[in-house]
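Heads up, the thing below is written out as structure tokens.
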Amino acid sequence: FGSKTKVDILKYLLFKRQGVSMRALESEIERTFPAIKKQVDSLNESNVINVNKDGQGRSISIKPEFHDTLKNVFYF
């Protein structure tokens, strides 16, 4: 995956909560906001996650077509 932060983001989305904001991730996985933003942008560019932007923030979730595959990787 190339980054511990990226792995932590994916694990959080898979096993704890979808639809989370970057600020919530910041406190939950104890990483800096710039580190989280960099990895969220990378995952978004790779089309692995959805980032829904509204007027109040962003909601991050794993795309349904990748959910089971990623879950199997982490269970393995």
Side-chain angles (χ1 to χ4, degrees):
F1 292 103
S3 163
K4 174 84 169 105
T5 302
K6 190 180 293 181
V7 168
D8 288 345
I9 291 167
L10 289 171
K11 285 168 66 176
Y12 184 86
L13 293 172
L14 282 169
F15 300 113
K16 291 195 178 179
R17 191 172 106 202
Q18 295 267 346
V20 66
S21 71
M22 283 194 271
R23 290 288 179 196
L25 279 172
E26 181 181 20
S27 65
E28 292 290 329
I29 64 173
E30 298 179 356
R31 299 276 190 254
T32 65
F33 185 83
I36 291 170
K37 181 169 181 349
K38 178 180 178 181
Q39 298 309 322
V40 165
D41 289 346
S42 172
L43 288 165
N44 192 35
E45 288 172 13
S46 300
N47 288 318
V48 174
I49 63 170
N50 286 318
V51 180
N52 296 323
K53 301 171 188 171
D54 62 22
Q56 298 173 339
R58 297 176 181 204
S59 172
I60 303 161
S61 57
I62 294 175
K63 289 192 173 187
E65 59 266 29
F66 291 107
H67 193 271
D68 289 340
T69 303
L70 288 169
K71 203 171 206 177
N72 288 334
V73 167
F74 287 110
Y75 276 136
F76 182 75

Fill in: With sequence neighbours excluded, residues passing side chain to side chain contact (heavy atoms under 4.5 Å, CB included) with Ser59
Asn52
Discussion item. One pair to check against side-chain contact (heavy atoms from CB on, under 4.5 Å): Lys63 and Val48. What are the steps and the verdict?
Written reply: CA-CA 6 Å; Lys63 289 192 173 187; Val48 174; over 6 Å; no
Discussion item. Can you tell me how far apart CG (Leu13) and CD (Glu28) are? Round to the nearest 0.5 Å.
Written reply: 11.0 Å
Practice prompt. Could you tell me the separation between the CG atom of Asp41 and the OG atom of Ser46, rounded to the nearest 0.5 Å?
Written response: 10.5 Å
Item to complete: Not counting sequence neighbours, which residues clear side chain to side chain donor-acceptor pair (under 3.5 Å) with Lys4? List them please.
Response: Asp8
Worksheet item: Rounded to the nearest 0.5 Å, what separation is found between the CZ atom of Phe66 and the CD1 atom of Ile49?
Response: 11.0 Å
Discussion item. Can you confirm whether Glu65 is buried at CD, in the sense that more than 12 heavy atoms of other residues, nucleotides or ligands lie under 6.0 Å from that atom?
Written reply: yes
Fill in: Residue pairs passing the salt bridge (Lys or Arg N to Asp or Glu O under 4.0 Å) test where at least one lies in residues 9-23, sequence neighbours excluded
Arg23-Glu26
Practice prompt. Determine whether Arg31 and Leu25 make a side-chain contact, defined as any pair of heavy atoms from C-beta on separated by less than 4.5 Å.
Written response: no
Discussion item. Determine whether Ile36 and Ile29 satisfy the following criterion, side-chain contact (heavy atoms from CB on, under 4.5 Å), listing intermediate values before the conclusion.
Written reply: CA-CA 9 Å; Ile36 291 170; Ile29 64 173; 4.2 Å; yes
Practice prompt. Check whether any side-chain heavy atom of Phe74 sits under 4.5 Å from a side-chain heavy atom of Val7, and report yes or no.
Written response: yes
Worksheet item: Say you draw a straight line from CD of Gln18 to OH of Tyr12; how long is it, rounded to the nearest 0.5 Å?
Response: 10.5 Å
Worksheet entry | Value rounded to 0.5 Å, distance of CG in Asn44 from CD1 in Ile60 | 9.0 Å
Discussion item. Could you measure the distance from the OH atom of Tyr75 to the CG atom of Leu14? Nearest 0.5 Å is fine.
Written reply: 8.5 Å
